[in-house]
Amino acid sequence: MKTYNYISPFFWRTMRREGVLILLLLIMLGGTSCQEEDLIVQSLYDVSGARLIYEDSQASKFINVVAVSMQVSYDKDENIDQLKRLCSRAVNEHPDTELILFGESILGWYIDEDEPENYQELIAEPIPGPAVDEIALVADSLNIYLAFGLTEKRNDTLFNSQILLNPNGEVEAVHRKINLTQDDLSNGIIAGPKTEDNVTLVTINGIRTGLIVCADVSGYWLTKQLVNKNVELILHSLASEVPEFVFDPVARQFNAWEVFANRFGSEGKRNYSGLTYIADPSGSIRSGASKSAIYMYHRIAVR
Amino acid sequence: MKTKLILIAIALGYISQVAAQDTKRFYVGTNPLSYGLTLPLQEDIKRYAPVLAGNEYGFSLAGACYFHPQIAMETRVAMGSLHQVASVNQLHAGIIVHPFLKNKGSELVRIYGGAFAKVWDYHNRLTDIHFYNLSPYAVIGYHCNFNNWMVDLRMNQTLAIVSWTNLENTKQGASAFFSPWPELIKILPTFTCTIGYRLGERYSK
């Protein structure tokens with residue numbers, strides 16, 4: 001009691017005089033947030049943690065997927081040929097493959113810094129169009145879902161899109177990238193609309209599957225739409241130079257499996273890491289690699 | 001909200017305990033940079049500045065008690081939004097030691113080292129899934145004193161993490177942890193600046 005009598009008057013005298021107002025001010029400031037409405041800026045704290053163990057033995061829905069990290073040529077025709085070859089190889093090595101995902105804008109370099117708009121005009125394709133029709137024959141002949149990124153030309157406008165072809169070789173869905181990067185803008189790309197019909201969700205093997213392109217992962221609006229629709233699998237095509245994290249923050253963001261397909265190698269001044277993986281909803285990377293052109297296979301099991 | 005209230009209660013309880021003890025020295029403070037992280041900032045600053053704020057977001061409060069001339073117990077709480085999707089509430093506790101207290105008159109007396117543990121709740125507000133983490137970390141720091149005010153500059157290095165979650169069918173994991181981005185930077189310390197007010201007999205005017 002003696003101690004209490006000593007400390008207490010001293011504490012209140014000093015804190016009243018100088019400290020309490022400052023603390024209250026800081027508490028009020030700490031409760032405010034002035035972030036731009038739609039941009040999610042992920043920090044290193046989003047990827048801090050240990051790998052968790054996700055148990056999927058009781059799953060009821062399955063899909064066998066392949067994520068491809070491709071070394072992309074400057075020439076569109078070479079890329080179409082390579083894409084076709086890689087699909088055949090993956091299905092040959094894993095005959096039960098049901099879906100193959102390639103990276104973002106895979107029909108050419110992600111950006112030609114010397115003439116970005118002219119180059120994108122050169123590799124852009126309509127949907128449907130000659131390149132899509134040719135690739136659709138592969139999906140049909142191999143009886144697989146096939147998704148890849150391309151620069152889409154539509155009514156003289158360029159979109160950074162991801163297309164999903166079904167095993168009949170038909171266009172199942174198209175997602176147009178909403179959250180553009182500075183490179184996209186330099187390429188003359190226009191953002192896809194923030195409308196219900198550009199929230200691209202299809203059902204494959206009973207699994208609610210959402211399509212996003214690269215920086216779409218930083219869009220709060222799109223994230224919220226897909227989470228509200230209970231997305232179970234994210235097909236994420238992208239062009240990324242960054243190496244691997246301890247776990248996958250995107251899977252945690254959506255509470256969904258994620259198939260993450262990138263590109264590998266040098267394109268002008270850019271060096272793509274090739275980081276490609278398949279992660280479960282806890283963020284654990286179940287199959288993944290980087291630093292090479294490679295493809296990853298995994299049987300996704302959804303409860 | 002419930003978690004926030006519990007954390008505030010723990011922090012206030014600890015500070016009142018400190019005030020009630022038979023001690024002559026303690027301090028309370030806050031990390032001013034943690035508040036800055038809630039302001040509109042350029043994207044890259046927003047992404048990497050947390051390293052300079054000790055990964056503390058939003059409201060932060062620190063309190064310490066010297067129960068020995070060289071040794072203090074400290075606790076910290078911080079709670080705030082990382083971005084639109086996630087918020088983090090965290091509680092730290094540990095001990096700091098001033099090893100050079102015999103060198104009176106030297107700047108060395110202000111240097112300290114310490115060992116802490118922190119627990120944090122990463123809450124995805126869209127999915128309502130919590131990812132909990134417990135982590136030991138080591139610190140080295142320096143106290144700058146200006147009458148009753150002090151500025152505490154500190155470097156923190158995480159050593160390991162145990163993680164668990166309320167996500168169904170998911171078991172806990174644990175690993176050594178020195179950087180969230182080991183392929184790029186093997187060891188990534190964070191830094192903390194705390195502005196505090198020193199209380200106790202030694203500092204009274």
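Letters A, B, ... mirror the listed sequences (proteins, then strands); counts begin at 1. The figures that follow rest on heavy atoms only: side chains count, while hydrogens, waters and symmetry mates do not.
Considering all non-hydrogen atoms of both residues, A:Leu39 and B:Glu43 come closest at CD2-OE1, 3.9 Å. Closest non-hydrogen pair, A:Gln253 versus B:Asn124, comes out as O-ND2, 3.1 Å. Residue A:Ala50 comes nearest to B:Ser175 through the heavy atom pair CB-OG, 3.8 Å, listed as atom of the first residue, atom of the second, then distance. For the residue pair A:Asp46 and B:His83, the shortest heavy atom distance occurs at OD1-NE2, 2.9 Å. For the residue pair B:Leu82 and A:Ser43, the shortest heavy atom distance occurs at CD2-OG, 4.0 Å.
The environment of CD in B:Gln172 is sparse: at most 12 heavy-atom neighbours from other residues, nucleotides or ligands sit within 6.0 Å. Around CD of B:Glu168, the count of heavy atoms belonging to other residues, nucleotides or ligands within 6.0 Å does not exceed 12.
Contact count against chain A (heavy-atom pairs under 4.5 Å) is highest for B:Leu126 among B:Leu126, B:Thr165, B:Leu184, B:Thr158. Contacts with chain B were tallied for A:Val246, A:Val242, A:Asp280, A:Asn230; A:Val246 has the most, counting heavy-atom pairs under 4.5 Å.
For residues 52-60 of chain A, heavy-atom neighbours of chain B at less than 4.5 Å comprise A:Leu52, A:Ile53, A:Tyr54, A:Glu55, sorted by residue number. Contacts of residues 254-265 of chain A with chain B at a heavy-atom distance below 4.5 Å involve A:Phe254, A:Asn255, listed in sequence order. Among residues 220-228 of chain A, the residues having any heavy atom closer than 4.5 Å to a heavy atom of chain B are, in sequence order, A:Tyr220, A:Thr223, A:Lys224, A:Val227.
For B:Leu167, the part lying under 4.5 angstrom from a heavy atom of chain A is the side chain only. For a residue to count as touching a neighbouring chain, one of its non-hydrogen atoms must lie under 4.5 Å from one of that chain's; by this rule A:Arg303 touches chain B with the side chain only. With a threshold of 4.5 angstrom between heavy atoms, B:Leu188 approaches chain A through side-chain atoms but not through N, CA, C or O. B:Ser179 touches chain A through its backbone: at least one of N, CA, C or O sits under 4.5 Å from a heavy atom, while the side chain does not. Looking at B:Tyr132, neither its backbone nor its side chain comes within 4.5 Å of chain A, counting heavy atoms on both sides. When heavy atoms are compared at a cutoff of 4.5 Å, A:Ser290 approaches chain B solely by way of its side chain, counted from C-beta outward. For B:Trp120, the part sitting under 4.5 Å from any heavy atom of chain A is the side chain, from C-beta outward, and nothing else. Contact annotation for B:Asn133: only side-chain heavy atoms (C-beta onward) come within less than 4.5 Å of a heavy atom of chain A.
If you take OG on A:Ser284 and NZ on B:Lys171, they are separated by 12.5 Å, rounding to the nearest 0.5 Å. A distance of 10.0 Å separates OH in B:Tyr122 from OG in A:Ser48, rounded to the nearest 0.5 Å.
Judged purely by atom type and a 3.5 angstrom limit, A:Arg51 has no side-chain atom pairing as donor or acceptor with the backbone of B:Gly173.
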(message) Using side chain to side chain contact (heavy atoms under 4.5 Å, CB included), reason through A:Tyr45 and B:Glu56 one step at a time and then give a plain yes or no.
(response) CA-CA 10 Å; A:Tyr45 223 26; B:Glu56 293 182 342; over 6 Å; no
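With sequence neighbours left out, the ring pair (Phe, Tyr, Trp, His ring centres under 6.0 Å) criterion links B:His92 to B:Tyr137.
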